[in-house]
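Each remark here refers to the structure printed beneath this line.
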Amino acid sequence: MDKDLKNGIIEALIERVAARATAAPGESWTAQLLAAAPEKIIKKFGEEAVELVIAASTSNNDQKNKEEIIKESADVLYHLVVLWQKFGITGDDVARELTNRAGQSGLAEKLSRPK
């Protein structure tokens with residue numbers, strides 16, 4: 001894969017989802033999801049996340065299972081970006097949060113969250 005494409009694949013996905021947000025729901029699965037109630041997107045994201053968990057938990061480290069984890073990971077990322085689009089969250093918003101957490105222990109960050 002081209003290095004620039006590989007490094008920018010999430011940004012490209014975010015742009016593609018944003019562009020399809022204006023398409024007619026009959027022309028695009030993304031547009032159908034975005035036209036639906038938020039619960040539909042949330043449910044679909046949850047389904048894909050569970051499928052990824054199942055693929056990973058049944059892993060026996062063979063190539064077939066690795067490919068299944070890759071495919072389910074792509075589905076999770078796509079549906080996550082659709083969810084972000086629905087709620088007006090940008091990649092920059094998430095990047096900012098990740099930047100805020102950089103250099104901080106994951107344990108410390110977790111403890112700092114409101115209970």
- Task: Decide yes or no on side chain to side chain contact (heavy atoms under 4.5 Å, CB included) for Q85 and V81, but give the supporting numbers first.
- Result: CA-CA 6 Å; Q85 178 71 32; V81 170; 5.7 Å; no

- Task: Assess whether side chain to side chain contact (heavy atoms under 4.5 Å, CB included) is satisfied between H79 and L33, documenting all intermediate values.
- Result: CA-CA 9 Å; H79 286 91; L33 284 172; 4.0 Å; yes

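Closest approach of I41 and L83 over heavy atoms only: CG2-CA, 3.6 Å. The two residues K40 and A36 come nearest to each other via the heavy atoms CD-CB, 3.6 Å. Here the closest non-hydrogen pair linking P25 and Q32 is O-CG, 2.7 Å. Between A35 and K86, the shortest heavy-atom distance links the atoms C-NZ, 4.3 Å.
With rounding to the nearest 0.5 Å, the separation of CD in E68 from CD in E51 is 8.0 Å. Once rounded to the nearest 0.5 Å, the distance linking OG1 of T30 with CZ of R16 reads 9.0 Å. A distance of 6.0 Å separates OG1 in T90 from CZ in R96, rounded to the nearest 0.5 Å. Atom CD1 in I69 sits 4.5 Å away from atom CG in N65 (nearest 0.5 Å).
A salt bridge links E97 and R101; the closest N-O separation between the charged side-chain nitrogens and carboxylate oxygens is under 4.0 Å. A salt bridge links K44 with E48: at least one charged nitrogen is closer than 4.0 Å to a carboxylate oxygen.
Note on V76 and I42: same hydrophobic cluster, where clusters join Ile, Leu, Val, Met, Phe, Trp and Tyr whose side-chain heavy atoms are under 4.5 Å apart, directly or indirectly. Note on F45 and F87: same hydrophobic cluster, where clusters join Ile, Leu, Val, Met, Phe, Trp and Tyr whose side-chain heavy atoms are under 4.5 Å apart, directly or indirectly. Residues V17 and W29 share a hydrophobic cluster, clusters being chains of Ile/Leu/Val/Met/Phe/Trp/Tyr side chains in contact below 4.5 Å. Criterion: ILVMFWY side-chain heavy atoms under 4.5 Å apart, direct or through other members. Under it, L52 and I9 are part of a common hydrophobic cluster.
V94 is linked by a side chain to side chain contact (heavy atoms under 4.5 Å, CB included) to W84, I89, L98, counting only residues two or more places apart in sequence or in another chain.
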